[in-house]
Each structure stands twice: as structure tokens, then as C-alpha cells.
Colleague: 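Okay, here's the structure, questions in a sec.
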2 protein chains.
Amino acid sequence: MSLSENSARSKPTLRTIAEMTGFAVTTVSRALADDPLIAAKTRAVIAKAAAEIGYVPDRAAQRLRTGRTNVIALVLDPHGEIIDFSGSMIAGVADIVRDTRYHLTLTQYQLGEDPLRPIRHIVQNRLADGMIFARTEPQDARVRYLLDAGFPFVTHGRTKVGSHAWLDYDNAAFARFAVNRLAEKGRRRVSIIPPSRQYSFAEHMISGFQQAVCSAGIAGEVPQDYDLNSSPDELNGRISLRLGQPDPPDGWICPGEIAAIATNAAIYDAGLRLGRDVDLVAKQTSRVFDLFRPRIDTIYEDIEAAGRGMAHALLAQIAGTDAEELQELQAPIPEF
Amino acid sequence: MSLSENSARSKPTLRTIAEMTGFAVTTVSRALADDPLIAAKTRAVIAKAAAEIGYVPDRAAQRLRTGRTNVIALVLDPHGEIIDFSGSMIAGVADIVRDTRYHLTLTQYQLGEDPLRPIRHIVQNRLADGMIFARTEPQDARVRYLLDAGFPFVTHGRTKVGSHAWLDYDNAAFARFAVNRLAEKGRRRVSIIPPSRQYSFAEHMISGFQQAVCSAGIAGEVPQDYDLNSSPDELNGRISLRLGQPDPPDGWICPGEIAAIATNAAIYDAGLRLGRDVDLVAKQTSRVFDLFRPRIDTIYEDIEAAGRGMAHALLAQIAGTDAEELQELQAPIPEF
DNA sequence: CACGCTATTTGTAACGTTATAAATACGCAA
DNA sequence: TTGCGTATTTATAACGTTACAAATAGCGTG
């Protein structure tokens, strides 16, 4: 019955309100935009009428007229991750966007597809007013393109391409924390599973690692033949192999859940015991390890907060804030 | 430089093509819609011109004129899950939507907010041509509302409210598989961590469980004081408690990653050994357990495939297929 | 060669909004 | 009362598309 009411009277427009109040459509439009040129009293009358009939502006018409889409685009990497990063990031972004006039749209490009393609598409067809994407590379073609185009965006991760808005996790600090924790437990030879070299954050994390092992005075290994992008089985195999070689590491740093699980499996299969023979420090973006047995030392990265931060930054940038002021380094959250 | 080219000439419209080819705007519009009323030769000429200048129709204008949005909405539950379901589902939906004229938008409602609210909002403001949502309840108010409104939608999960398009995982089959697997291993008293009673799938899973323990001739426990919605710590505590009571279960069924990890912790802390003293069968929607040690028996639910299936169904429904024909039960994927 | 029929193309208007420029009302000093 | 400046409101046009009705071209037939 509430339905038949709705379908009976057609969708309210500015004209509806104009007829109700006796003002011109233009006046109604400006009044609802809170234009100070319109008398305060008039604005109040019109606002009341609008609220009464539940007026909501037609997005398509606004978009056609103004060229502004009121949309922000989230460009997702191919769905490769096993414990998925994207879910939390989306939740964070959606959380901020919810209370704004913006809508959130989502594009995911395919494995092997040029990451620039969806971005060019969005810019050329004005499909959004700004965008967010992750996994930057030091010389990121997407960043270069967007800077040239003057299109607002925020990245998860820094680049070496000009100055732009970004939010990054402090992976150098993560590595230092992890190394120190292992050193405190008396470990003398630690190995890190490095991020794939193509990504910006690999450099930060590895240099943090090198620095920390150096000042802790212990041995540090950065393997060359596998990384976080390797398949879980491959990781597991390589680490098993290493554990059988001379002078195996007694401390492992795994900057990802799956890497940690694969490492744990290799340790277990080698007959070693976590906490006795070796230690492991993992980065988790989920809460999988909170009840893991045997206990695993973790450092947390709050991806949902990152999503919220990036959404904030993007909205600020669209509203005119300088991109240089929108650069934020997110501190690791130590646990245990 | 490719940029200055682009910004020099303004965005191509139907008018641009009309001027290029000498036809009227209307003709161009119909030609690009492949209207058979337009001569095949003309259509070819116009299509060529359009491709040449990279014409893409203005979505806002189309939407304003036709009332169709070319958008499908994905309505997400509050971000509670620890290993996140949504990421995979989004990936699946995005995968299908990518090659269509549709865009994907995303709304997430807040914990404690009325789930009907975002849905009503979408319908009343015509923000999308159809929608997808998950976690149905037997008497789902959202389903009832959308059926009344005649708005296309697909749910993840069945309901008892009329007939609509849905895709559901066969949780009864999952429970049977799990029970049988435990029975084959010689377990005589199995317990399941039940889904929260409010959701449709709880009923299916529990009845599958009851049936299977009955025909396997073993004891089955369905606890009343905790469920999949309980916090990991609470789950862990309750299960620890149960393990200390007389006649504890020697087989556990955990229809979710976090529940399985919490159960595993309780088992470990009780000094029991998985595979020797007790067994555990888990449902995983991720791949976390593939390299878990000690090994855990798992049954897989492919959420990404579910996302693809739902997107397909929704597009079909929008295109006119009867909702009754768009009901699909997804079989469990046994592993190990 | 005009007629009528079909095949093809076209002009006009409208979707709901906002930018721009123009108009009106109002108050106050001359 | 007139005139002028300010405060407020309004008419008109346009964004790019498509629905509808109307016009034109082409062609065989009488």
C-alpha cells in the first residue's frame, strides 16, 4: 500500500516543488543548494517542501548538466590474493562514501590486462570524479597518466612519479619491528619473504629489513628465487628446501597471511617446532592468526582504515585540497 | 602528447558523428543501436565513423532520457567477517559485469542499520536496474519489498517469500559430506557449529546434519549457546568448555574459517591432537587451509563462482528471463 | 507520368538539472 | 514623487540522448 502511493504520484522533481511553493524552478534549485542569494525564509520554505515529498535530485540530470558525476571509482587489481585484501579496503572506502553525495563504483581489471586501460577508460569517458587504486610501482604508468590528465586520485602506496596523494603502510617500520622481535627472542639468522620487486613497497620493506638486521648485528637473508607473488605451494617448497640446507634461518618474516601459512607448513614438515627451534613473525591484514596454534607473532595492518583514509583524501582532493597535503604513512600495529 | 590531442578536440557526441557523415543525429542514434529500420549500408558507415573517433555514449544522457541506469547494485552486509566473503563475491560479479554495458556500484549498510534502507533507497531513486544481496532470511523483508516493487534482484540464499531468482550453496549437502567423512574416520559423536538461526541457510545445514548423523548411526550435537556469529574468542571458550565435559565430541564440523581456527585452538589447548584424538572438517571459501598444519579436512565453497552466477542471473532477469528459471543450487566441492 | 506503397531518413520535443543573463521588488535618499 | 542601488527572483538555454511523429526518397504499378 505504501507502494501504490509511491507509484501513483510520479517521482518528485524541482518542478513539483516549484508548483507546491509558487517559486520558479531556478529558485528552487538554488535554494536547495543553499545559495545565500536566495532569501533565508524562501530557502526554509523550499527545504521544508522538499523534505515533505522526499525529493532527491536526479543524478543523471545533474551529471549531464554539470559534467560532475558524483561518483568515485575504485579500481581493483585482479583477484589473486587468497586472503583478500580488497574486501576490507572496499569496506573502508564504502564506509566513508556512504554519508556523502558520492556513489562508489568498482572496476576490476583482468590478470594480464594492461592496468592503464580501465583508468584511461574512466578518465576519457568521465565516469567518475576521482579514483583510488593500489599496488603502485615506483615508475607507475597510471600515476603518470593521471597527473598529466589532471584527474584526482589517491593511491595505496608511494611512487617516484611526481607528487600525488597517497596512503602507504610503513613497511620499513614493519620490517624493523619484525627483525627486532626475532632478535629479542635470540634468533641469529632471519629471512624475509620479500614482496615482488615490481611494487614500490618492496624497496621500503627490504631496506628496513637490511637496516634492522645490521643494527641488531644478526644475519639477514633476502631470497632471490621466490617472493610474495609466488604460489603458496611454490613458497612452501622453496622454504622446505632452504630449511634442509646448511645454516638455515631460525627466524622468518612473512609479510602476508598465505606466506606465513606456507612457511609454517614447511617448518612443521621439517619436524621443527615454532617457538622452540624457529620463530615466525607475520603481517596480517585479517584476524586469522589471532587464534592460530601454535601461536604466531603478528603485526597488524588495518586495511579498512587505509580504505577510509584514502576515501577521505580523495574527497578532500576533489574539494580542492592540495595533493601534497594528502600523503599519509600508516604505522604498523604491533600485537602479542 | 596523446593527451593534448584528446583535450584539444572535445568529447565526441552523436552530433560529431552526424556532422562527419552527413546524417541526422537521430539516424546516427538509431544506427548505433543497430536498428534494422536504418539501411545496412548507413549503419556500416556510421559504425565506422564512431569507431574512428572513439565515440562512447554519454551514460548520464542515456540515463536521463531512457530512465534506465545501466547500473547494477551490489548491497553488502556490514563488514563483520574476518576472512572476507565479500571480496570474492565482488570479484565474481565484477568479472561478469566487465564485458557488458553495465557498471557496478556498491553499497554497504552499517551494523545495526535496517537492511531494508539501502534497498528502498536504490529502488525509490532508480539508482540501478537491478541488485544483488546476500544472507537471506526465511521471511526476508528485502525480498518481499522488491517483489512488491517489481524490481529485478538476485539473492545469495533462498527464502520462503514467494518466488525469485537466487543462487544458494547446498549447505545440506555440505553437512552430509562432512558428517560422512567424520563417520568414515570412525568418529562416533560429532558436533557442528551452527549458522545463526536467523539466516535461511541455517535450517538447510542443520537438517542435513541431523539427517546424516541419523543415517550414519552416530551421535550429533547442535549447540544452542553459540553459533557462527559468535566472536572467535567466545567460540573458542565455549568449545574449550565442551571439550572438558563428559562425552566430548570427537568430530567437529566448522562451516567457516574463523570457526575452524577457533575450534582448532580449543582442541590444541586441551592437549588433544587433530587426526589422532579428534577430527575436524571445515568449510573454506578462501584457500587458507590448503597448507594448514596439522592438516584440516576441508570442503570448499567457491564464492567467486557464486558471484559470477548471480551476476549472470541478474542480467538475464533484466533482459526478461523469468525469475523462476534463475534458481541455482551450487554443489559443495569436496577436497582432500 | 502520376499514384501509392514501402524503405529510409529527419525534425521536434523532452528527460531534470543548472549557468547565465535578465528582470523585478524593495528600501532609501534626493 | 522620482531615481537609484541592492536584494531577490525569474526566463531562457543548454548538457547528449532517444521517442515520436512526420517527411522524404525510391520504386513498381496502373
Side-chain angles (χ1 to χ4, degrees), chain A residues 7 9-47 49-50 53-71 101-103 124-129, chain B residues 9-50 53-71 101-103 124-129:
Chain A
S7 54
R9 51 166 174 260
S10 60
K11 189 183 156 199
T13 70
L14 288 180
R15 223 186 115 202
T16 321
I17 302 178
E19 281 162 4
M20 280 172 73
T21 58
F23 288 103
V25 171
T26 306
T27 308
V28 175
S29 171
R30 311 185 95 164
L32 291 174
D34 255 333
D35 187 329
L37 239 61
I38 301 296
K41 196 177 148 198
T42 307
R43 268 182 282 163
V45 169
I46 289 175
I53 60 173
Y55 168 77
V56 179
D58 184 293
R59 300 177 66 85
Q62 286 184 316
R63 182 166 165 177
L64 177 60
R65 181 62 245 236
T66 63
R68 283 206 354 225
T69 62
N70 288 331
V71 161
R101 66 164 184 275
Y102 289 89
H103 282 190
Q124 290 181 349
N125 301 308
R126 284 238 149 250
L127 261 26
D129 297 337
Chain B
R9 51 166 174 261
S10 61
K11 190 183 154 200
T13 70
L14 287 180
R15 224 186 115 201
T16 321
I17 302 177
E19 280 161 4
M20 280 172 73
T21 57
F23 288 103
V25 171
T26 305
T27 308
V28 175
S29 171
R30 310 186 97 163
L32 291 175
D34 255 334
D35 187 329
L37 238 62
I38 302 296
K41 197 178 149 197
T42 307
R43 270 182 283 162
V45 170
I46 289 175
K48 187 162 163 262
I53 60 174
Y55 168 78
V56 180
D58 184 292
R59 298 178 67 85
Q62 285 186 317
R63 184 166 162 177
L64 177 59
R65 182 63 246 237
T66 63
R68 284 205 354 224
T69 62
N70 288 330
V71 162
R101 66 164 185 275
Y102 289 89
H103 282 190
Q124 290 182 348
N125 301 307
R126 283 241 149 246
L127 262 25
D129 297 338

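The sequence lines fix the lettering, A, B, ..., with proteins before strands; numbering per chain opens at 1.
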Colleague: Grab the CD1-C1' distance between A:Ile46 and D:dT9 for me, whole Å please.
Modeller: 10 Å
Colleague: Per the atom types in the model, does the base of D:dT17 pair as donor or acceptor with the side chain of B:Arg65 at under 3.5 Å?
Modeller: no
Colleague: Can you measure A:Gln62 atom CD to D:dG16 atom C1' for me and round it to whole angstrom units?
Modeller: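 After rounding, the gap between these two atoms is 17 Å.
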Colleague: On DNA chain C, compare the nucleotides closest to B:Ala61 and B:Ala40; which residue's is nearer the 5' end?
Modeller: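 The answer here is B:Ala40.
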Colleague: With sugar-phosphate meaning primed atoms plus P, OP1 and OP2, does A:Thr13 contact a base, only sugar-phosphate, or nothing at under 4.0 Å between heavy atoms?
Modeller: sugar-phosphate
Colleague: With heavy-atom distances below 4.5 Å as the criterion, would you say the side chains of B:Thr27 and B:Thr42 are in contact?
Modeller: yes
Colleague: Rounded to the nearest angstrom, tell me the gap between atom CG in B:Leu14 and atom C1' in D:dC15.
Modeller: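 Rounded to the whole Å, the gap is 13 Å.
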Colleague: Name the nucleic acid region contacted by B:Thr27, choosing base, sugar-phosphate or nothing; use a 4.0 angstrom heavy-atom cut-off, strictly under.
Modeller: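 Touches a base.
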Colleague: Which listed nucleotide (C:dT17, D:dT8, D:dA11) is nearest to the side chain of A:Thr42?
Modeller: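 The listed nucleotide nearest to A:Thr42's side chain is D:dT8.
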Colleague: Would you mind reading off the distance between B:Asn70 atom CG and D:dT18 atom P, rounded to a whole angstrom?
Modeller: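 Between P of D:dT18 and CG of B:Asn70: 10 Å.
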Colleague: With a 4.0 Å cut-off on heavy atoms, is A:Arg30 in touch with a base, just the backbone sugar-phosphate, or nothing at all?
Modeller: base
Colleague: B:Leu64 side chain: which of D:dG16, D:dT9, C:dT10 is closest?
Modeller: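 Looking only at heavy atoms from C-beta outward on B:Leu64, the closest nucleotide is D:dG16.
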Colleague: Any idea which of D:dT18, C:dT17, C:dT9 is nearest the A:Asp58 side chain?
Modeller: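 From the listed options, C:dT17 comes nearest.
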Colleague: Quick one: A:Leu37 CG to D:dT6 C1', roughly how many Å, whole number?
Modeller: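 Taking CG of A:Leu37 and C1' of D:dT6, I get 11 Å after rounding.
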Colleague: Any side-chain heavy atom of B:Gln62 within less than 4.5 Å of one from B:Arg101?
Modeller: no
Colleague: If you define the side chain from C-beta out and look only at heavy atoms, does anything of B:Leu127 sit under 4.5 Å from B:Thr69?
Modeller: no
Colleague: What nucleotide among C:dT18, D:dT17, C:dT9 has an atom nearest to a side-chain atom of B:Tyr55?
Modeller: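 Minimum distance to the B:Tyr55 side chain belongs to D:dT17.
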Colleague: Please report the distance, rounded to the nearest Å, between CZ in B:Arg63 and P in C:dC15.
Modeller: 17 Å
Colleague: For the pair B:Asp129 (side chain) and B:Asn70 (backbone), establish whether a donor and an acceptor sit closer than 3.5 Å, ignoring hydrogens and angles.
Modeller: yes
Colleague: Does the pair A:Asp58/A:Lys11 count as a salt bridge with the N-to-O cut at 4.0 Å?
Modeller: yes
Colleague: Send over the distance from B:Ile17 CD1 to D:dT17 P, rounded to a whole Å.
Modeller: 8 Å
Colleague: Does D:dT18 have OP1 or OP2 under 4.0 Å away from a side-chain N or O of B:Ser29?
Modeller: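 Indeed, a polar side-chain atom of B:Ser29 lies that close.
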Colleague: How long is the line joining CG of A:Asp34 and P of C:dT18, in whole Å?
Modeller: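 Between P of C:dT18 and CG of A:Asp34: 13 Å.
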Colleague: Any base atoms under 4.0 Å from B:Ala24, or only sugar-phosphate, or nothing? Heavy atoms, all strands.
Modeller: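 Sugar-phosphate: the residue B:Ala24, judged by heavy atoms under 4.0 Å, touches backbone atoms but no base.
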Colleague: Between D:dT17, C:dT18, D:dT9, spot the one nearest the side chain of A:Thr66, thanks.
Modeller: C:dT18
